[in-house]
Asks: 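First the structure, then my questions, so here it is.
Just so you know, ligand 1 is whichever comes first in the structure, and atom 1 is the first atom listed for that ligand.
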Amino acid sequence: MCGIVGYIGSKSAKPILLDGLKKLEYRGYDSAGIAIFENDGIQLEKKKGKIAVLEEALKGKDWKGTVGISHTRWATHGKPSSINAHPHTDCKEKIAIVHNGIIENYLQIKNRLIEKGHNFITETDSEVLAHLIEEEYHGDLSEAVRSALTKVEGTYGIVVMHSDHPNLIITARKGSPVVIGIGEGENFVASDVTPLISHTKNVVYLDDEEIAEISADKYRIFTIGKEERNHEVSKIDWGIEDAEKKHYDHFMQKEIFEEGDAVYNAMRGRVIPEEGIAHLGGLNMTDDEMRAVKRIVIIACGTAHYAGRVGEYMIERYANIPVEVEYASEFRYRDPVIDEGTIVFAISQSGETADTLAAMQEAKRRGAKTLGIVNSVGSTIARESDGGTYIHAGPEIGVASTKAFSGQLTALAILALQFGRLRDMSVSTGRKLVKELIDIPEKIENILTQNDFIRKLSEKYSIYEDFFFLGRGINYPIALEGALKLKEISYIHAEAYPMAELKHGPIALIDDKFPCVVVVPKDDYYEKNISNIQEIKARDGRIIAIATEGDKEISKIVDDVIYIPPTMDLLLPLLTIVPLHLFAYHMAVKLGRDVDKPRNLAKSVTVE
Ligand code: G6P
């Protein structure tokens with residue numbers, strides 16, 4: 001979704017801003033723009049399309065200004081176009097703003113401002129902010145922004161500059177993240193830390209309804225009620241190299257190859273093999289509080305939701321606690337029952353997904369203890385939850401989530417272990433689980449050695465336009481995630497069903513043009529799954545199986561097999577997902593798709 005980068009210092013702002021925007025490309029966007037103080041005024045350029053188009057348009061412009069703001073837009077109000085791209089300006093082009101979020105009452109404000117003589121040129125909601133600040137401006141920019149923001153409803157991460165204040169940029173947030181990067185003699189502002197790490201590791205996260213005045217050598221933060229705030233400076237714990245592609249062709253490929261590391265990093269320091277126990281410190285719960293939990297609700301979207309569905313099996317089996325997994329977007333508008341003893345986990349890679357955040361806030365409002373399973377350190381869900389755990393997967397740049405999924409599954413397995421050992425789980429089961437978990441990264445490496453084989457398989461199947469993904473028990477959510485991945489990045493129609501559900505309708509679609517990917521490791525359901533596979537075969541369906549090493553029988557029944565090493569049933573998803581991620585990746589490459597930035601998608605969906 002939309003991205004923001006701002007700079008104020010002594011270096012030329014243009015290359016810093018363009019480089020920052022490129023680092024935000026992964027979020028998904030359709031147009032980009034930049035505004036720089038130059039020759040006592042604000043110079044502006046914005047273009048529909050990729051940042052390269054904007055760069056091209058800027059080639060002849062020798063701007064040397066040292067203060068500027070920039071933006072990548074993902075259209076909500078008004079089609080993608082150069083005119084609708086940010087920054088937006090006021091009538092006199094003295095004010096420029098970039099905005100993430102949605103101004104819900106923009107039409108009322110716009111009509112009122114038009115009556116007052118303001119001239120609007122875009123279809124966006126964001127443009128009202130520039131005009132509203134113009135209306136409220138009487139010499140004090142910070143006050144004008146503050147006053148304007150008291151009149152808007154909705155969400156905003158905003159950065160503002162004014163040609164009368166060449167040494168100042170103002171930023172503010174409500175519901176859309178803003179982070180200030182603190183340099184020496186220079187400061188930055190951005191919508192996430194990715195564009196900042198090549199300049200500084202010291203950052204300050206704004207809270208909702210806060211405004212910051214930023215100059216080259218200082219920043220001050222105030223609440224919208226004018227109270228000064230003193231935030232702790234946080235250190236980003238990863239480096240620029242973590243956000244680079246290295247020798248890989250795509251970020252997604254690199255991130256799939258990091259799935260083993262993701263498991264390791266989510267587990268590191270959190271399990272004690274000898275005692276067969278786990279400890280996620282950030283939950284902020286005593287053992288007694290954990291024993292008193294009667295029900296767990298998991299809320300999440302997309303891939304994180306499917307991780308939650310895997311977690312449901314793990315926690316119910318190991319900890320004997322009932323779990324419900326909800327789409328966050330549905331949970332927030334239902335009348336969810338939160339009784340004493342219910343705790344709510346929000347799972348989110350970015351920690352900024354609007355639906356997940358709103359659902360978590362709703363759960364909190366209803367009295368639930370809310371906990372986050374989050375990757376992005378300092379993100380809103382991490383900060384607004386009552387506790388939780390980071391998965392420490394490092395930056396995930398590919399829009400389609402992969403290594404974060406592995407990290408989320410690991411955190412959920414640890415959670416199941418922690419709750420389980422406080423209840424009925426025996427020490428021997430606990431030890432076995434820890435031992436198997438520790439072995440998972442190596443087993444993932446083993447699966448990754450089949451990369452070429454999986455690539456060839458994807459190429460062979462790239463002629464098909466429809467796929468079923470089927471799994472049973474804990475591998476049913478893996479079928480869901482496998483199908484989602486294929487849809488997301490290759491644009492191939494894929495549907496997932498519980499294995500046995502196929503015969504209740506969907507089997508009508510099976511013929512030799514509708515292949516099935518079946519997740520059938522040697523687990524408790526193996527025999528039953530084989531019967532279901534026979535039903536597909538009897539209808540000429542082509543089948544790719546994800547099966548356990550050594551299973552020779554399966555290769556006689558299905559068309560192709562990808563083997564995974566054995567592990568405990570409830571940890572199998574950590575392995576079965578890897579070939580499915582690779583399968584989707586290679587299929588998308590074969591079909592010439594934009595793997596890291598698939599059409600219509602955004603990495604972090606910060607609107608409803
Ligand atoms: C978007 C992304 C998905 C992701 C989902 C949830 O739709 O395209 O890949 O799974 O958001 O994101 P989160 O950051 O909350 O895990």
Asks: Are any of the N or O atoms of Thr356 closer than 3.5 Å to those of ligand 1?
Replies: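 Checking ligand 1 against Thr356, no N or O pair falls under 3.5 Å apart.
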Asks: When the ring planes of His86 and His99 are compared, do they come out parallel, tilted or perpendicular, using 30° and 60° as the limits?
Replies: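 Aromatic pair His86/His99 classed parallel.
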Asks: Report yes if Val399 has an N/O atom closer than 3.5 Å to an N/O atom of ligand 1; otherwise report no.
Replies: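 Yes, there is a polar N/O contact under 3.5 Å.
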Asks: Can you tell me which residue and heavy atom of the protein come closest to atom 10 (O) of ligand 1, and the distance to 0.1 Å?
Replies: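 The closest one turns out to be Thr303 N, 3.0 Å.
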Asks: Taking 4.0 angstrom as the limit, do Arg472 and Asp523 come out as a salt bridge?
Replies: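 Between Asp523 and Arg472 there is no salt bridge, as every charged N stays at least 4.0 Å from the carboxylate O atoms.
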Asks: Could you tell me whether ligand 1 has any atom less than 4.0 Å away from a heavy atom of Ala602?
Replies: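 In this structure, Ala602 qualifies as a contact of ligand 1 - some heavy atom is under 4.0 Å.
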Asks: For Ala304, take its heavy atoms, then give the atoms of ligand 1 lying under 4.0 Å from any of them.
Replies: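 Listed by number with element: 16 (O).
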Asks: Compute the shortest N/O to N/O distance between Leu601 and ligand 1 and return yes if it is under 3.5 Å, no if not.
Replies: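 No.
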Asks: Among all protein non-hydrogen atoms, which one is nearest to atom 5 (C) of ligand 1, and what is the separation to 0.1 Å?
Replies: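 For atom 5 (C) of ligand 1, the nearest protein heavy atom is Cys301 O, 4.0 Å.
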Asks: Side chain to side chain donor-acceptor pair (under 3.5 Å) between Thr72 and Glu25: does it pass, once the steps are laid out?
Replies: CA-CA 8 Å; Thr72 46; Glu25 276 192 300; over 6 Å; no
Asks: Does NZ or CZ of Lys403 fall inside the cone over Phe257's six-membered ring, less than 6.0 Å from its centre and within 45° of the axis?
Replies: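 No, Lys403 does not lie over the aromatic ring of Phe257.
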Asks: What residue and heavy atom of the protein are closest to atom 12 (O) of ligand 1, and at what distance?
Replies: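 Going atom by atom, the protein heavy atom closest to atom 12 (O) of ligand 1 ends up being Thr353 OG1, 3.3 Å.
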Asks: Among all protein heavy atoms, pick out the one at the shortest distance from atom 7 (O) of ligand 1; state its residue, atom name and that distance to 0.1 Å.
Replies: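 Going atom by atom, the protein heavy atom closest to atom 7 (O) of ligand 1 ends up being Val605 CG2, 3.8 Å.
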Asks: Tell me which protein heavy atom sits closest to atom 11 (O) of ligand 1, plus the residue, atom name and distance to 0.1 Å.
Replies: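 Atom 11 (O) of ligand 1 sits closest to the protein heavy atom Lys603 O, 4.0 Å.
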Asks: Judged on heavy-atom distance to atom 14 (O) of ligand 1, which of Ala400, Ser604, Ala307, Ser350 sits nearest?
Replies: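 It is Ser350 that holds the nearest heavy atom.
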Asks: Can you say whether the rings of Phe468 and Phe514 are parallel (under 30°), tilted (30 to 60°) or perpendicular (over 60°)?
Replies: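 The arrangement is parallel - the two ring planes meet at less than 30°.
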Asks: Looking at ligand 1, does Glu488 have a heavy atom less than 4.0 Å from it?
Replies: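 Yes, that is the case, since the closest heavy atom of the residue is under 4.0 Å from the ligand.
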